[in-house]
Every structure is written in C-alpha cells, then in structure tokens.
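One is the number of the first residue; the rest follow in order along the sequence. All ligand and atom numbering here is 1-based and tracks the order in the structure. Bear in mind that the values here come from a model prediction, so they are computed numbers and not experimental data.
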Amino acid sequence: MLIKIPSSSTLKTSDITDESVYIQRRQLVKSMGFLGAGALLGSAISHKANAGFFDSKDADASFKTTALNYKADKDNLSLIRTPEQKVISHNNFYEFGAQKNQPAELSQNFKVNPWQLTISGECENPITLDYDDLTTMFALEERIYRLRCVEAWSMVVPWIGFSLAELLKKVAPNSSAKYVLFETLFDPEQMPGQSNRRLGGGIAYPYVEGLRIDEAMNPLTLMSVGLYGKTLPPQNGAPIRLVVPWKYGFKSIKSIVSIKLVREQPQTTWNKLASNEYGFYANVNPAHDHPRWSQASERRITSGGLFAKNRIETLPFNGYGEQVAHMYKNMDLSKYY
Ligand SMILES: Nc1nc2c(c(=O)[nH]1)N[C@H]1C(S)=C(S)[C@@H](COP(=O)(O)O)O[C@H]1N2
Ligand SMILES: [Mo]
C-alpha cells in the first residue's frame, strides 16, 4: 500500500518501515492536524485485539513536553539516531497496552507532576525527590545510546539524564547494599494494562527490575528524564526511567517511583514470568539465543524505507563491552543470561 503524504509534512515516504504501516498512517493523520493522539481509539485503525477495552472520553489531550538544558553528547555523533517520531511511537510499556502503538495512544493524559521518587533501603540518607528535583538536582547530559530490545529490534536514542551513580552517592549505600530494586508506579486508574490482563500482556504489576550494585554504579547506567532535547513523553517512561544500554531493553524500567538498595538479588518482572527466556542479567549476547528466536542479529529502526538494509549483527554487551565486560569476567554468561 502506498499512502500519499503532503510534502509539507515531517513524514517522508522513506520513513515507512516494515514494522508498521499502521503507525505510519496514524502519524500521517496526526501530522495533518486532524486528530490528537487519543482520538483514534475508537476508529477503524485502532488495534482490533484490544479495541473497546478502555474509556476514551478524556484521551484527547496530547501530553506536553518541555525543553531541557543539558550538555550535548559529542562523543557518539557517529551513531545514526532513530527518528524521534519512531522513538515516541514504537514502544514497549505494557501498563498502557502490549501492542507497540498503544503506549503512545493510551498514555497522553498520564499525570507526571506531582511525582515522588523514593530512594531507600540499605543506605545512610534515604531521600524522596519531587517532580522538579528530577531535572534540577543534577547537571543533565545527553547520552546517545543503542537500545536493543530482547525482541531483536533496536534503536539509537539521544537520552538526557544523569548517572544513577550520582543519585546513589547522595543516599550513601551501606555495605549491605548488594543489589538495587526499581519499581514502576502502580496506578490502574491511569495505567489500564495494570487491571486488564489482555491489554497489559499478562505480566504482574507493578513492573519491577533490578541491577547488581556494581552495574548500578557503572557510569553508563543512566537515569533518563528526557530524549531529543525535551522531557520524556509518557510512552517512553515519564517523568524518569532507567536506561542500561548493554542490557536488553526490558531492564530499562519506566516511570519509576521507588529505588531500593537491598541485600539479595531481587525478583524481576520478566524473569518471574518466564525464567528460561529472560534472565536477571539480560546482558545483550548474540551467542545466547532466546529459546524462541535467534539473538545473533537485530533490525535497526532507522529512517530507511521498506527495503533498507537495516538488519545488523548484534554486538556482545550491545557494543559496550569495553566499559562493562569486566563486571562479568568470572561468570558463565550462558548460565547467567
Ligand atoms: N514499566 C515498564 N518499563 C518498561 C517496559 C514496560 O512494559 N513497563 N518495557 C521495557 C521494554 S521491553 C523495552 S524494549 C523498553 C522500551 O523503551 P522505549 O519504549 O522508550 O523504547 O522499555 C522497557 N521498560
Ligand atoms: Mo524490550
């Protein structure tokens, strides 16, 4: 199918990728100014499987992001960034629906202010940050990172944020702090997937994730509050989410309300659901296949067209081995996948 796109539009025919003619149509309609993101819920092109599950009565307001001040990433400009429109419309955020298009459509009224993020557990100075603290407590920097989903697609995203290590230093972890447990907001009123099993993909909520303390302290580990120069939209985890670029995307938990320093390795959402498929470590590893598919290559989401050669080799630790491989040098990575 070929859809005519107005030349004034930001969408180009080259933006049409195989993953979704559907998303492209939705963007086309938006770019032409007909409808807000939520207005298509009841329309013919909303996803059939879940149509009618949610109330669209006040889903017409589009979320407002604001510009951030940050230090630009000059070191990673050779990475070709995935177009912003794709980063904010092809998402995994099951709290707002398990289909790629649903988070952007069902999250536009998500309330991120007020917000509280509590850092507690095995530390000297537990703190709670308010919404404004998230963007003002630390100097913000851009990090252009590869994001590799366990489903074998990937993007390059210019995140904005600060190192998790800086935040953890503030609370001063004690010697019992061996792991870090992260938790997403639990609010079924706002997150329809949390109370509707079919919409929410059958996973347990709240979504929880974890890192070993050395992984959490690694300088690459980012608390992200923005992307493409602005605060995060809800579908990408507003107001604050984790980004761990050498691990599969499911470790990068969104819309975090709690960070807890703990003694034992915590349970994590996908590992609980299917431990043979999703490990605690989840380091990107082309040599360790998912039981149902190969992890040797990935489809990079680019601005390329349908026939663009966007199938690329997956790199160990997603290409960040130099910075992170030392943390696993005595571990059997086929066992600790
Ligand atoms: N709370 C929560 N965090 C989440 C998810 C989710 O469903 N819920 N999905 C994860 C998965 S599988 C991926 S690939 C990334 C996707 O991030 P993005 O939508 O910003 O690209 O978010 C991760 N964080
Ligand atoms: Mo993912």
Engineer: Is it the side chain (CB and beyond), the backbone, both or neither of Leu147 that lies under 4.0 Å from ligand 1, heavy atoms counted?
Structural biologist: side chain

Engineer: Check each of Thr221, Asn318, Asn283 against Lys247 using the side chain to side chain donor-acceptor pair (under 3.5 Å) test, and report the only one that passes.
Structural biologist: Asn283

Engineer: If the cut-off is 4.0 Å to any non-hydrogen atom of Thr184, which atoms of ligand 1 fall inside it?
Structural biologist: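 Answer for ligand 1: 1 (N).
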
Engineer: Are the ring centres of Phe280 and Tyr336 closer than 6.0 Å?
Structural biologist: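 Distance test on ring centres: not under 6.0 Å, no.
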
Engineer: Got an N/O contact under 3.5 Å between Asn92 and ligand 1?
Structural biologist: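 Yes, there is a polar N/O contact under 3.5 Å.
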
Engineer: Could you pull out, from Tyr248, Phe182, Tyr207, the option with a heavy atom nearest to atom 6 (C) of ligand 1?
Structural biologist: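 It is Tyr207 that holds the nearest heavy atom.
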
Engineer: Could you check atom 15 (C) of ligand 1 against the protein and tell me its nearest heavy-atom contact, residue, atom and distance included?
Structural biologist: Gly249 O, 3.6 Å

Engineer: Do Arg81's NZ or CZ and the ring of Tyr228 fall within the cation-pi criteria of under 6.0 Å and 45°?
Structural biologist: no

Engineer: Number the atoms of ligand 1 from 1 as they appear, then name those within less than 4.0 Å of a heavy atom of Ile253, with their elements.
Structural biologist: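 Answer, ordered by atom number: 3 (N), 24 (N).
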
Engineer: Is Gln267 atom CD crowded by more than 12 heavy atoms from other residues, nucleotides or ligands, each under 6.0 Å away?
Structural biologist: no

Engineer: Which of these, Tyr278, Phe93, Tyr94, Phe182, sits in a ring pair (Phe, Tyr, Trp, His ring centres under 6.0 Å) with Phe250?
Structural biologist: Tyr278

Engineer: Give yes or no for whether the N/O distance cutoff of 3.5 Å, strictly under, is met between Trp153 and ligand 1.
Structural biologist: no

Engineer: What do you reckon, are the aromatic ring centroids of Trp115 and Tyr131 less than 6.0 Å apart?
Structural biologist: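 No: the rings miss the under 6.0 Å criterion.
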
Engineer: Can a donor-acceptor pair be found between the side chains of Tyr328 and Trp246 at a distance below 3.5 Å?
Structural biologist: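 Judged by distance alone, the side chains do pair up.
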
Engineer: When you measure from atom 3 (N) of ligand 1 to every protein heavy atom, which one gives the shortest distance, and what is it?
Structural biologist: Lys254 N, 3.1 Å

Engineer: Is His90 in polar range of ligand 1, meaning some N or O pair under 3.5 Å apart?
Structural biologist: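 No, no N or O pair falls under 3.5 Å.
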
Engineer: Below 4.0 angstrom from a heavy atom of Arg241, which ligand 1 atoms are there? Numbered from 1 as shown, please.
Structural biologist: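 Contacts of ligand 1 toward Arg241, numbered from 1: 15 (C), 17 (O), 20 (O), 22 (O).
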
Engineer: Does a donor on one side chain sit under 3.5 Å from an acceptor on the other, for Tyr207 and Trp270?
Structural biologist: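 Yes, Trp270 and Tyr207 have a side-chain donor paired with an acceptor closer than 3.5 Å.
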
Engineer: Among Pro206, Ser252, Gly97, which one has a heavy atom closest to atom 24 (N) of ligand 1?
Structural biologist: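 Closest candidate by heavy-atom distance is Ser252.
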
Engineer: Do you know which two heavy atoms are closest between Lys230 and Glu84, and how far apart they sit?
Structural biologist: NZ-OE2, 2.8 Å

Engineer: Distance to 0.1 Å, residue and atom name: give those for the protein heavy atom nearest to atom 8 (N) of ligand 1.
Structural biologist: Glu95 OE1, 2.8 Å

Engineer: What residue and atom, counting heavy atoms only, is the protein's closest point to atom 7 (O) of ligand 1, and at what distance?
Structural biologist: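 Heavy-atom neighbour on the protein nearest atom 7 (O) of ligand 1: Tyr94 N, 2.8 Å.
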
Engineer: Counting each atom of ligand 1 from 1 as listed, which ones have a heavy atom of Cys149 under 4.0 Å away?
Structural biologist: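 Reading through ligand 1 atom by atom, the close ones are 14 (S).
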
Engineer: Taking the non-hydrogen atoms of Glu209, is any one of them nearer than 4.0 angstrom to ligand 1?
Structural biologist: no

Engineer: Verify whether one side chain among Arg299 and Ser154 offers a donor that lies under 3.5 Å from an acceptor in the other.
Structural biologist: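 No, because no side-chain N or O of Arg299 sits under 3.5 Å from a partner of the opposite role on Ser154.
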
